[in-house]
2 protein chains.
Amino acid sequence: MVYQKNRDERNSEILSQIIQLYTATAIPVSSKSVAESMDNIVSSATIRNIMAELEEDGFIEQPHTSAGRRPTDRGYRHYVDHLNGRLSLEKHKVKKFEEEFFEKVRSIKDLIEQSSHLINRQLHYASAVMLPDTVSQYMKHLELLKIKSDTVMAVLVTMTNIVENYIIKLDGDIEKGQLNKIANFINEKCEGKKVSDILEYLKGVNSVADKNSELGAMSAFAIRLIDGMAKTDIENEIFITGMDCFSGQADFSNSEDFRNLLKILSDKKLMMKIMKGELSAGGMRFYIGHENEPEPLKKCSLVTFGYEFHGTPLGRIGIIGPTRMHYENVFQTVNYLIEVLNSKIEGLS
Amino acid sequence: MVYQKNRDERNSEILSQIIQLYTATAIPVSSKSVAESMDNIVSSATIRNIMAELEEDGFIEQPHTSAGRRPTDRGYRHYVDHLNGRLSLEKHKVKKFEEEFFEKVRSIKDLIEQSSHLINRQLHYASAVMLPDTVSQYMKHLELLKIKSDTVMAVLVTMTNIVENYIIKLDGDIEKGQLNKIANFINEKCEGKKVSDILEYLKGVNSVADKNSELGAMSAFAIRLIDGMAKTDIENEIFITGMDCFSGQADFSNSEDFRNLLKILSDKKLMMKIMKGELSAGGMRFYIGHENEPEPLKKCSLVTFGYEFHGTPLGRIGIIGPTRMHYENVFQTVNYLIEVLNSKIEGLS
DNA sequence: AATTAGCACTCGAGGCAGTAGAGTGCTAAA
DNA sequence: TTTAGCACTCTACTGCCTCGAGTGCTAATT
């Protein structure tokens with residue numbers, strides 16, 4: 001019935017007002033302040049009635065009887081789910097970043113780094129950025145260097161201009177000429193291929209080649225190499241910055257909470273695991289308050305989005321702030337970042 | 001006079017006791033607790049007399065009349081300056097780390113990373129680690145790759161197995177063969193040289209070569225390249241980890257102080273500046289409380305030490321904790337790290 | 001039927017006084 | 001030179017009180 005719809009619409013609007021006020025001040029908002037923020041088109045008493053309804057619906061809550069209301073996680077969720085309609089107007093507001101932040105970007109690493117800066121400086125939230133896995137990258141060039149009699153360094157340059165290196169220790173000596181041959185072989189056959197595909201390709205070659213032939217030895221060595229690279233670099237390739245954003249915020253005045261949060265954010269392995277789970281998520285995702293997993297993050301919100309190359313998801317970027325986050329700004333900035341990142345990445349190669 | 005010396009010696013010992021008690025508990029220590037910690041060889045009244053002297057000397061202070069005493073920065077300084085004698089006994093205590101932490105170290109980057117882990121996990125303090133400047137490194141190999149018609153990537157491998165890359169945009173096109181020639185030229189002439197020396201060498205070549213000759217063009221290009229590399233990488237090559245160590249500590253229960261500290265530690269540029277100033281310091285250095293510069297660090301202590309290759313200082317590592325730091329442990333661990341780092345670094349090439 | 005003014009009620013924040021006890025400095029005795 | 005003893009000081013903690021912001025409900029108004 002039309003009747004009901006109007007009511008819901010207005011309730012949503014009041015909720016939105018409450019969220020914006022609470023986001024700005026961190027103080028539970030009173031009916032009076034809502035009325036004022038709406039230029040008193042309705043009285044505080046009316047707002048009180050609506051607020052009672054919103055509370056019944058679980059969108060807002062009172063810390064105690066004689067206090068104002070603040071949004072619940074559910075309230076934020078409702079707000080975020082209905083963001084799409086409300087904005088996408090002020091796109092120009094974000095545009096000015098471009099020149100500042102993405103000026104002399106040469107590699108995907110620069111891009112990711114700049115994104116994290118932008119999140120810290122413009123949004124004032126923490127960021128967790130993942131560099132791409134080696135395996136999901138496309139190879140441009142491989143170089144093999146003998147760095148000791150029995151030690152070889154492989155330097156892999158990807159299409160997105162990331163340089164990975166891997167050091168491998170051999171059982172015996174190996175000749176320089178032999179190394180060059182192997183490098184040439186891989187470069188010729190595999191340039192432009194995805195690293196994971198290269199591995200499969202080499203396995204194919206190896207499976208049909210005579211074990212004692214040159215091709216057999218070469219492909220066996222190459223497999224060992226690429227496989228080693230793929231397994232190695234995964235560990236620490238995550239960077240968390242801007243943790244200091246939480247310390248000013250009233251939300252974490254409870255130092256126990258703050259301490260726990262810092263501990264989580266400082267734990268690269270854990271953060272990597274969280275972000276890793278997101279890899280195939282696609283698009284922008286909001287995780288609000290209790291929707292997050294390790295206890296200390298339940299007072300935070302996490303917004304993640306991915307970047308990709310030729311349609312393959314390469315990595316993901318996370319924005320972490322208090323649940324009382326400025327979702328609107330985040331939404332707009334992320335939309336902008338997704339666009340810029342993906343286009344710039346394609347432009348790299 | 002012998003008399004005086006004994007008095008000073010005993011006062012020092014009491015100071016040391018006070019510091020150890022205060023380091024453990026963060027509570028101003030009373031005369032009684034000092035007496036007890038010394039098995040009541042003297043009474044608390046005697047301790048009180050000595051404490052009065054120590055206070056007069058500025059080594060300890062009272063937060064207020066009816067409280068115990070805590071060390072002043074000057075007290076810590078005295079303690080630290082007299083550490084040498086007191087310990088260097090339990091060297092074996094630290095040895096067990098070696099296997100855990102420095103097992104499969106392949107490059108200087110790994111070494112530095114592991115050192116920072118060790119500081120975080122074993123000492124529970126924050127660490128600031130600097131990676132080496134490109135210019136102070138010794139070159140092993142240079143590779144030039146054409147990544148676009150007008151863009152070249154240089155990949156530099158150093159004797160300590162660091163891989164640096166630099167992307168340079170040219171005015172016009174360049175041929176692959178030409179690139180290889182330049183790379184070969186540099187590799188032949190400069191392998192094993194320090195990067196800063198290479199730059200000088202090339203300038204020398206360039207100054208006598210005919211500008212229109214191949215040698216002139218090659219050396220000009222090489223200069224532009226190496227110079228660019230040297231200038232680029234300096235910015236962000238510092239990593240701060242373990243900031244969460246401060247949050248538990250009673251010292252920073254004042255959240256304002258904590259907030260400010262976090263802000264400083266998160267500021268890579270600033271931290272880089274601080275550590276940079278230390279580069280040529282040599283050996284282990286203690287900076288206690290107010291001896292540090294930006295205001296928020298005045299409640300901390302910073303201990304720095306360097307690592308080197310063939311006698312050239314490469315970089316420096318900093319340990320940052322509350323002024324109420326466990327200096328003894330730090331002293332021992334740093335001594336150990338200096339030894340291990342420098343020997344392992346030499347072993348890399 | 002929806003809105004609003006008015007009013008009684010609730011509850012936390014903050015100020016104030018009183019108490020307990022930890023720790024000191026001083027004095028006089030050992 | 002050390003120590004026991006004691007008076008003194010100052011914080012931390014507690015309970016009590018008041019103030020006021022904010023609510024929910026009721027009755028009047030549109």
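Hydrogens, waters and symmetry mates play no part in the numbers below; they use all other heavy atoms, side chains included. Residue numbers begin at 1 in each chain, while the letters A, B, ... track the order of the sequences.
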Nearest-nucleotide check on DNA chain D, Arg48(B) vs His64(B); residue mapping nearer the 5' end is Arg48(B)
Pick base, sugar-phosphate or nothing for Ser31(A), based on heavy-atom distances below 4.0 Å to the nucleic acid.
sugar-phosphate
Evaluate the criterion side-chain contact (heavy atoms from CB on, under 4.5 Å) for residue pair Ser116(A) and Phe239(A); output intermediate values, then yes/no.
CA-CA 9 Å; Ser116(A) 113; Phe239(A) 298 95; over 6 Å; no
What is the distance from CZ of Arg69(A) to C1' of dT23(D), rounded to the nearest Å?
7 Å
Apply the side chain to side chain contact (heavy atoms under 4.5 Å, CB included) test between Val334(A) and each candidate in Ile317(A), Ile319(A), Asn329(A); give the one that qualifies.
Ile319(A)
Below the 4.0 Å mark, does dT3(D) have OP1 or OP2 next to a side-chain nitrogen or oxygen of Ser43(B)?
yes
Can you confirm if the aromatic rings of Tyr327(B) and Tyr76(B) lie within a centre distance of less than 6.0 Å?
yes
Nucleotide dG20(D), atom P - distance to CD1 of Ile27(A) in whole Å
18 Å
Would you call the rings of His78(A) and Phe59(A) parallel, tilted or perpendicular, taking 30° and 60° as the class edges?
tilted
Rounded to whole Å, please give me the gap between CD in Glu53(A) and P in dG24(D).
12 Å
Return no unless some side-chain N or O of Thr65(A) is found under 4.0 Å from OP1 or OP2 of dC11(C).
yes
Expressed as a whole number of angstroms, how long is the span from Met51(A):CE to dT23(D):C1'?
10 Å
dT23(D) phosphate, OP1 or OP2, under 4.0 Å from Ser66(A) side-chain N/O:
no
